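A quick note: this is a predicted structure, and the numbers were derived from the prediction, not measured.
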Amino acid sequence: GLGGGILLAGRIVLRIFQRQMRLRGFNLRRLIIVGSSEMTERLTRRLADNPWTGLVVAASFSAEETVAPDFTALLARIRAGNIDQVWIAVPLKEEERIHQVQHALRHTTVYIRYVPDISSFSLLNHSVSDIAGLPVINLSSSGMDSLDRLAKTVEDKLLALLIVFL
């Protein structure tokens with residue numbers, strides 16, 4: 001009722017205020033991207049094009065430059081201050097690299113996020129789902145759920161009947 005409407009209006013006003021503050025340089029979260037140069041450039045460009053997210057790329061490290069187990073430059077940049085997150089953006093096949101970076105950052109307070117580089121896959125109608133708390137990447141989907149499929153089947157049968165009788 002009325003309480004829900006007031007709550008919704010308050011949330012909308014808060015989001016608009018937060019967006020305006022971020023566009024003015026407040027409430028920003030600074031992050032470092034560790035990944036392939038192509039993926040790092042793509043993420044940096046995407047975040048720069050969407051300042052409302054409040055995410056600013058403070059630095060990036062090529063996954064090739066960050067030689068394990070020496071992550072000295074990465075750790076020094078984090079300790080230099082104001083880094084909130086580290087995004088690891090390497091292909092899925094580089095699982096060992098992901099573990100190395102994660103292990104190197106174990107004594108820091110930054111959020112560590114993994115941005116999978118799935119550009120090598122042929123994707124058709126891909127999306128990410130949350131199933132039972134697990135992130136699931138749909139590599140290919142029809143885009144139709146069971147109700148949509150039923151409607152399409154009925155439509156196909158009716159059109160087939162119509163064509164046969166005409």
Side-chain angles (χ1 to χ4, degrees), residues 8 10-146 148-149:
L8 180 64
R11 266 310 274 165
I12 291 171
V13 168
L14 181 62
R15 288 291 183 183
I16 291 170
F17 176 73
Q18 185 179 38
R19 184 177 188 164
Q20 291 304 313
M21 293 301 289
R22 285 180 174 164
L23 289 173
R24 288 177 175 78
F26 296 99
N27 193 25
L28 299 177
R29 292 168 303 235
R30 291 171 185 17
L31 61 101
I32 293 175
I33 301 173
V34 177
S36 65
S37 56
E38 178 186 327
M39 190 68 170
T40 299
E41 288 173 20
R42 189 171 9 164
L43 287 170
T44 302
R45 194 171 38 254
R46 197 67 134 339
L47 292 173
D49 290 344
N50 294 285
W52 60 268
T53 63
L55 297 168
V56 176
V57 178
S60 62
F61 291 86
S62 170
E64 297 80 29
E65 290 174 7
T66 314
V67 180
D70 183 21
F71 290 92
T72 308
L74 175 61
L75 291 169
R77 182 60 181 92
I78 291 170
R79 288 187 185 115
N82 264 2
I83 301 298
D84 303 298
Q85 302 178 19
V86 173
W87 289 13
I88 304 169
V90 297
L92 294 169
K93 65 184 177 186
E94 293 188 32
E95 180 183 2
E96 182 60 29
R97 174 68 59 185
I98 298 164
H99 291 297
Q100 291 170 345
V101 174
Q102 188 176 15
H103 182 75
L105 300 176
R106 72 189 180 282
H107 297 301
T108 67
T109 59
V110 296
Y111 282 88
I112 303 169
R113 298 180 184 254
Y114 176 60
V115 182
D117 181 359
I118 55 175
S119 60
S120 61
F121 290 99
S122 279
L123 300 176
L124 180 64
N125 295 325
H126 70 285
S127 61
V128 177
S129 302
D130 184 326
I131 300 175
L134 300 170
V136 178
I137 300 172
N138 302 313
L139 298 179
S140 178
S141 65
S142 69
M144 299 174 80
D145 61 18
S146 56
D148 291 334
R149 270 183 279 190

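Taking all atoms of both residues into account, the shortest heavy-atom contact from F71 to Q100 is CE1-O, 3.6 Å. Closest of all the heavy-atom pairs between Q102 and I88 is N-CD1, 4.4 Å. Minimum heavy-atom separation, A89 to L43: CB-CD1, 3.7 Å.
With hydrogens and angles disregarded, no donor-acceptor distance shorter than 3.5 Å links the side chain of R15 to the backbone of I12. With hydrogens and angles disregarded, a donor-acceptor distance shorter than 3.5 Å links the side chain of R29 to the backbone of T53.
Taking CG of L74 as the reference point, atom CZ of R79 lies at 9.5 Å (rounded to 0.5 Å). To the nearest 0.5 angstrom, I112 atom CD1 is 12.0 Å from I98 atom CD1. In this structure, the separation between CZ on R97 and OG on S36 is 12.0 Å, given to the nearest 0.5 Å. Residue S62 holds its OG atom at 12.0 Å from CD1 of I33, rounded to the nearest 0.5 Å.
L55 places none of its side-chain heavy atoms less than 4.5 Å from the side chain of L28.
A search for side chain to side chain contact (heavy atoms under 4.5 Å, CB included) contacts involving F17 returns M21, not counting sequence neighbours.
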Please output the side-chain donor-acceptor pairs of residues 80-87 that fall under 3.5 Å, not counting sequence neighbours, one pair per line with the distance.
{"residue": "D84", "atom": "OD2", "partner": "R30", "partner atom": "N", "Å": "2.8"}
{"residue": "Q85", "atom": "OE1", "partner": "W87", "partner atom": "NE1", "Å": "2.7"}
{"residue": "Q85", "atom": "OE1", "partner": "R113", "partner atom": "NE", "Å": "3.1"}

